[in-house]
Number of protein chains: 2
Amino acid sequence: MSADPALRREIPDATVARLPGYLRTLSRLAEDGVLSVSSEELASAVGVRSSQLRKDLSHLGSYGVRGVGYEVEMLALEISRALGLSTDWPVAIVGMGNLGRALSSYSGFVTKGFRIVGLFDDDPAVEGEVVLGVPIRPLSGLREAHAAEPIAIGVIATPASAAQVVCDALVEAGITSILNFAPSVLSVPDGVDVRRVDLSTELQILAFHAQRKSLAAGDLDGAVAR
Amino acid sequence: MSADPALRREIPDATVARLPGYLRTLSRLAEDGVLSVSSEELASAVGVRSSQLRKDLSHLGSYGVRGVGYEVEMLALEISRALGLSTDWPVAIVGMGNLGRALSSYSGFVTKGFRIVGLFDDDPAVEGEVVLGVPIRPLSGLREAHAAEPIAIGVIATPASAAQVVCDALVEAGITSILNFAPSVLSVPDGVDVRRVDLSTELQILAFHAQRKSLAAGDLDGAVAR
DNA sequence: TTTTGTGAACAATTTCACAGCT
DNA sequence: AGCTGTGAAATTGTTCACAAAA
């Protein structure tokens with residue numbers, strides 16, 4: 001029962017979405033030399049309720065000690081395993097404008113579990129340029145690159161107008177996990193996972209709540225928070 | 001005592017999170033000269049079920065015509081209103097590295113509802129530089145800038161190490177809506193909204209699903225001895 | 001007819017509260 | 001005594017299926 005290798009288990013999406021946050025906080029605690037945490041402490045550092053943390057962790061297995069708490073390093077390791085970070089995932093970024101560059105120099109990348117193996121852009125002005133040891137190639141080289149060294153995750157950092165074409169090229173090459181920073185809905189065949197990260201969506205959600213706050217505060221319509 | 005019809009209504013978070021997507025697709029349809037859509041058409045363009053779209057829209061009010069569909073321009077306007085985009089929201093970006101620059105030149109920004117009124121960075125090397133008509137100022141000028149021209153939303157595009165300090169400065173200045181691109185959990189007082197956009201979280205979620213796919217595909221690596 | 005708007009059924013997620021282990 | 005792990009309850013979100021409207 002508790003000796004179950006956890007990975008077979010069905011882990012709810014909502015839980016999966018929170019695991020990276022737990023992992024990050026655990027890593028910071030480990031750096032600070034903390035050996036053990038209670039669900040209460042960890043939850044408050046992450047910003048969730050302790051009952052939720054415990055329920056989430058219960059989907060991975062039973063890694064705490066009653067009356068004591070969780071061993072920081074060990075729990076971090078188990079979450080890494082559950083997320084599939086035991087091995088490094090090779091990532092390619094398509095689109096080397098400001099965003100692509102920001103992403104490729106992003107520290108969180110190298111830190112844990114991911115490794116940039118390809119940079120692509122069709123702009124002749126940047127072709128051949130080497131960023132952090134990886135040369136920028138034209139998109140036409142994608143298939144070949146994937147054959148030479150497999151790419152597990154493709155990141156789209158192009159303008160919206162190019163996103164679907166780039167996506168098709170990634171899918172065509174055999175890449176089935178895509179992270180899309182362009183503000184467009186991508187259509188992909190079954191079996192391909194797409195996650196979208198979109199600035200304007202996030203801003204609009206913030207605007208909605210800001211509006212509610214200002215309405216609740218009794219401001220009249222159209223007024224901007226003072 | 002606002003006379004707004006639907007805004008008083010409680011709109012579920014899950015619905016709010018989808019409205020920006022509906023709005024974007026409607027805007028594209030409007031550009032293409034489409035006058036009217038059915039819930040079926042719009043839903044499939046956005047990638048949700050038509051029943052969900054109708055339920056979501058029902059929270060805003062009743063803006064469709066039975067037997068016909070929705071008038072594109074009008075529905076876009078209503079969603080804009082619900083999201084609080086009738087007026088422009090003044091935004092400040094803190095941290096003008098690659099990410100900050102990518103964000104400030106992001107097209108979706110100007111398009112609809114948002115306007116960059118301040119850029120901040122404490123690096124003396126970039127201070128004074130003007131990006132798209134807005135000068136980069138040191139963070140110490142934040143309070144003054146907010147007093148001169150109100151800032152509704154603060155965007156944190158600094159490294160994680162600076163994020164909490166920047167966040168404190170934003171809150172101190174009176175800004176209550178924050179979009180955080182740094183990979184860190186921010187602690188803020190009640191009444192301040194923080195949304196986090198995090199590359200490594202998204203990558204880790206993709207990695208989880210990629211791992212499941214490869215396990216399901218019969219890769220008998222198993223490897224997890226237990 | 002066609003397609004919306006919505007109660008009701010269903011599903012997922014969160015929170016509670018406490019039994020069970022150290 | 002203290003804290004985890006987990007059924008059960010409460011809440012939130014999604015889908016169904018059909019009456020109502022044009």
Side-chain angles (χ1 to χ4, degrees), chain A residues 1-6 9-22 25-26 29 34-76 78-79 82 205 208-209 212, chain B residues 5-6 9-22 26 29 34-76 78-79 82 205 208-209:
Chain A
M1 354 164 75
S2 58
D4 218 356
R9 220 56 94 85
E10 188 67 21
I11 302 178
D13 284 349
T15 294
V16 172
R18 281 185 295 267
L19 292 180
Y22 302 158
T25 299
L26 285 166
L29 290 174
V34 178
L35 296 178
S36 156
V37 269
S38 67
S39 63
E40 202 64 65
E41 293 164 335
L42 181 54
S44 90
V46 174
V48 302
R49 303 212 191 281
S50 63
S51 56
Q52 178 157 85
L53 173 64
R54 290 200 304 277
K55 179 67 91 180
D56 283 341
L57 296 182
S58 77
H59 291 111
L60 311 192
S62 183
Y63 300 118
V65 179
R66 288 163 200 241
V68 179
Y70 301 88
E71 208 254 282
V72 171
E73 298 258 18
M74 195 248 223
L75 185 56
E78 290 301 338
I79 293 177
I205 294 171
F208 173 81
H209 291 293
R212 292 190 90 236
Chain B
R9 211 71 80 89
E10 188 66 21
I11 302 178
D13 284 349
T15 294
V16 172
R18 282 185 295 266
L19 292 179
Y22 301 157
L26 285 167
L29 290 174
V34 178
L35 296 178
S36 156
V37 270
S38 67
S39 63
E40 202 65 64
E41 293 164 336
L42 180 54
S44 91
V46 174
V48 302
R49 301 212 191 278
S50 63
S51 56
Q52 178 155 84
L53 173 63
R54 291 200 303 278
K55 178 68 89 179
D56 282 342
L57 295 182
S58 78
H59 294 293
L60 312 192
S62 183
Y63 300 117
V65 179
R66 288 165 199 240
V68 178
Y70 301 87
E71 209 254 282
V72 171
E73 299 257 20
M74 193 245 225
L75 185 55
E78 290 302 337
I79 293 177
I205 294 171
F208 173 81
H209 292 292

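Values in this document were obtained by computation on a predicted structure and should not be read as measured data. Throughout, protein chains are lettered first and strands after them, A, B, ... in sequence-line order, and every chain is numbered starting at 1.
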Check: How would you label the contact of B/R49 with the nucleic acid (heavy atoms, under 4.0 Å): base, sugar-phosphate, or nothing?
Finding: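 B/R49: backbone/sugar contact only, no base atoms under 4.0 Å.
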Find the distance [X]:[atom1] to [N]:[atom2] and express it as a whole number of Å.
X     : N      : atom1 : atom2 : value
B/E41 : C/dT2  : CD    : C1'   : 12 Å
A/Q52 : D/dT12 : CD    : P     : 13 Å
B/R54 : D/dC18 : CZ    : P     : 14 Å
B/E10 : D/dT11 : CD    : P     : 14 Å
A/K55 : C/dA17 : NZ    : P     : 14 Å
B/L42 : C/dT3  : CG    : P     : 14 Å
A/D56 : C/dT14 : CG    : P     : 7 Å
A/H59 : D/dT6  : NE2   : P     : 10 Å

So, is [X] near the phosphate of [N], with a side-chain N or O under 4.0 Å from OP1 or OP2?
X     : N      : result
A/Y63 : D/dC3  : no
A/R18 : C/dT14 : yes
B/S39 : C/dT3  : no
B/S51 : D/dC16 : no
A/S38 : D/dC3  : no

Margin query: With a 6.0 Å cut-off (strictly less than), is the heavy-atom count around CD of B/Q52, excluding the residue itself, greater than 12?
Written below: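 Above 12, so yes.
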Spacing of [X] atom [atom1] and [Y] atom [atom2] [to the nearest 0.5 Å]:
X     : Y     : atom1 : atom2 : result
B/L42 : B/L57 : CG    : CG    : 7.5 Å
B/M74 : B/I79 : CE    : CD1   : 11.5 Å
B/E73 : B/L29 : CD    : CG    : 10.5 Å
B/H59 : B/L19 : NE2   : CG    : 9.5 Å

Check: For DNA chain C, whose closest nucleotide is more 5', that of A/G67 or that of B/L57?
Finding: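 Its nearest nucleotide lies further toward 5', so the answer is B/L57.
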Check: Is a donor-acceptor pair below 3.5 Å formed from side chain A/R66 to base D/dT4, judging by atom type as modelled?
Finding: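 Answer is yes: a donor-acceptor pair is held.
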